[in-house]
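Everything on this sheet refers to the single structure shown next.
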Amino acid sequence: MGSEDIVDQAIAWHLRLADAGAEEWRGFVEWLEADEAHRTAYDQVTMDDALIAPSLDLGKPPVAANDAAPPRRFGRWAGLGGGAAAAALAVAMLLPETQAVASYTVETKPGETRTVKLDDGTTIEMNGGTKMSFRQGDARFAALKAGEATFHVRHDADHPFELQSGRYAIRDLGTVFNVTREGKRLGVEVAEGSVAFEPNRQNVTLTPGMALSAHEDLAEPKLDRIAAHSVGGWRRGVVSFRSAPIETVANAVARSTGAHLKVEPSLANRTFTGTIHLTGEQGRLIPRVATLVGADWRREGDNWMLTTKGDESR
């Protein structure tokens, strides 16, 4: 079969998955895993589609006059081969609140980590300062309220795993990814598998080594390239950033170390690119972080503040 025929098949699958059911998804995964050329072609098709996608509208969906929740809708999905366990991760936007079911909450303090193992074989590594909820008797659902977690999801095409965070939802068919929730900001980084971020039924695909950040008050998410091996680096005591606000950097350090670290407002939105090793006690770590991000620091008891250069109050 020629390369043009394979590309045509990849395009056809990309379009068919808009309304695909479980059987079609099984066929899609089988097609991906049949030939490395299939995976390569599909990745290229979805990447090209993401690059030419029109502006994304993340506005709230209309609410019915009778206040009934609108039905869940999932648009186009995207997938990646990479072995039998790695198929696809889809992020759908603007889902209504789920109906009340029996649930429980797991929470970590800043500087504390915890691993949650679900009955289906999925493993979730929670960073410090993280709050998640789970449904009793449903191992294919979780909600990230705040903080950061790395997900290792077991593949089950008939029952995809779903993660909700605010008004966003992430649906996964078997992959490894990291999610961060800070206020209204959501960050997704993919180590294995493929992610489709789907605002209002418009598909944006992320493959391993790509990241997406979205804010509920902004119209468009931001796509970026990262090193796939750096995903979930907090588990190894390393955090990496690319043009990240210094406030985001400080939050990451605080989550992992338990440091009471804040940022002066005038400094919060300045950006930092680089890697920070979270080693040493706070009296050595925080000054080192300040130097790396181009800031000064001051300490008041157990509280730390990153300040603009030249602050004499330190």
Side-chain angles (χ1 to χ4, degrees), residues 107-114 125-132 144-150 165-166 168 178-189 211-218 220-227 229-314:
E107 190 168 2
T108 58
K109 298 177 181 178
E112 174 189 20
T113 61
R114 182 169 180 175
E125 297 177 82
M126 298 173 60
N127 198 358
T130 297
K131 183 177 182 180
M132 298 191 65
L144 177 64
K145 306 295 185 180
E148 181 176 26
T150 299
S165 184
Y168 303 112
N178 192 82
V179 181
T180 305
R181 181 79 191 196
E182 295 180 356
K184 294 184 178 181
R185 182 181 292 112
L186 180 77
V188 182
E189 299 179 344
L212 179 146
S213 60
H215 193 289
E216 293 183 359
D217 292 338
L218 301 180
E220 297 185 8
K222 177 184 176 183
L223 293 173
D224 207 348
R225 286 281 184 183
I226 58 173
H229 64 78
S230 71
V231 175
W234 61 266
R235 296 170 295 157
R236 301 178 295 276
V238 179
V239 286
S240 299
F241 308 92
R242 182 171 178 177
S243 298
I246 291 179
E247 184 174 40
T248 296
V249 176
N251 290 341
V253 172
R255 272 196 304 270
S256 292
T257 66
H260 299 160
L261 179 61
K262 299 295 182 183
V263 180
E264 193 175 66
S266 61
L267 186 66
N269 291 322
R270 279 176 44 185
T271 59
F272 168 73
T273 296
T275 297
I276 297 175
H277 292 264
L278 304 173
T279 57
E281 49 89 22
Q282 294 180 17
R284 297 171 62 88
L285 173 62
I286 303 305
R288 187 169 78 246
V289 170
T291 299
L292 287 171
V293 302
D296 275 341
W297 58 272
R298 68 172 182 265
R299 181 177 185 178
E300 298 176 359
D302 291 333
N303 299 314
W304 298 86
M305 175 72 74
L306 296 183
T307 65
T308 55
K309 284 285 188 178
D311 185 347
E312 298 297 332
S313 61
R314 178 165 62 90

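In this text the structure is predicted, and so the values were computed from the model without any measurement. We're numbering straight along the sequence, starting at 1.
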Nearest 0.5 Å please: distance from the [atom1] atom of [X] over to the [atom2] atom of [Y].
X: L218; Y: E216; atom1: CG; atom2: CD; value: 10.0 Å
X: K309; Y: D296; atom1: NZ; atom2: CG; value: 4.5 Å
X: K262; Y: M305; atom1: NZ; atom2: CE; value: 8.5 Å
X: M126; Y: M132; atom1: CE; atom2: CE; value: 6.0 Å
X: R185; Y: D217; atom1: CZ; atom2: CG; value: 10.0 Å
X: E189; Y: S240; atom1: CD; atom2: OG; value: 8.5 Å

Report task. Kindly say whether G283 contributes a backbone atom to a donor-acceptor pair with the side chain of R299 at under 3.5 angstrom? Result -> no
Query raised in the report: When you measure from the side chain of R181 to the backbone N and O of G183, does any donor-acceptor pair fall under 3.5 Å?
Result: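 Side chain of R181 to backbone of G183, a donor-acceptor pair under 3.5 Å: yes, one is there.
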**Report entry** Close side-chain approach of N127 and T180, heavy atoms under 4.5 Å
**Finding:**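 Not in contact.
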Minimum heavy-atom distance [X]-[Y], with the two atoms named:
X: S165; Y: L186; value: OG-CD1, 3.7 Å
X: L278; Y: L285; value: CA-CD1, 4.2 Å
X: A259; Y: A254; value: O-CB, 3.3 Å

Report task. Please assess N178 against W234 for the test side-chain contact (heavy atoms from CB on, under 4.5 Å), listing each intermediate value before the final yes or no. Result -> CA-CA 10 Å; N178 192 82; W234 61 266; 3.1 Å; yes
Query raised in the report: So V238 and S230, side-chain contact (heavy atoms from CB on, under 4.5 Å) or not? Walk me through it.
Result: CA-CA 8 Å; V238 179; S230 71; over 6 Å; no
Requested in this report: Test E300 against R298 for salt bridge (Lys or Arg N to Asp or Glu O under 4.0 Å), laying out the working first.
Outcome: CA-CA 7 Å; E300 298 176 359; R298 68 172 182 265; 3.7 Å; yes
Report task. Report the C-alpha separation of L144 and T130 in whole Å, then their side-chain angles, then the decisive distance to 0.1 Å, and conclude whether the side-chain contact (heavy atoms from CB on, under 4.5 Å) test is met. Result -> CA-CA 8 Å; L144 177 64; T130 297; 3.7 Å; yes
Query - Those residues that, when tested against R242, pass salt bridge (Lys or Arg N to Asp or Glu O under 4.0 Å) (two or more places apart) - result: D224
For [X], does the [atom1] atom sit with more than 12 other heavy atoms under 6.0 Å from it, leaving out its own atoms?
X: N303; atom1: CG; value: yes
X: D302; atom1: CG; value: no
X: R114; atom1: CZ; value: no

Query raised in the report: So T113 and T108, side-chain contact (heavy atoms from CB on, under 4.5 Å) or not? Walk me through it.
Result: CA-CA 6 Å; T113 61; T108 58; 6.0 Å; no
Query raised in the report: For residues E264 and T308, is any side-chain donor paired with an opposing acceptor at under 3.5 Å?
Result: yes
Below 3.5 Å, can you tabulate the donor-acceptor pairs from side chains in residues 244-251 to any protein atom, sequence neighbours excluded?
from : atom 1 : to   : atom 2 : distance (Å)
N251 : ND2    : E182 : OE1    : 3.3
N251 : ND2    : E247 : O      : 3.3

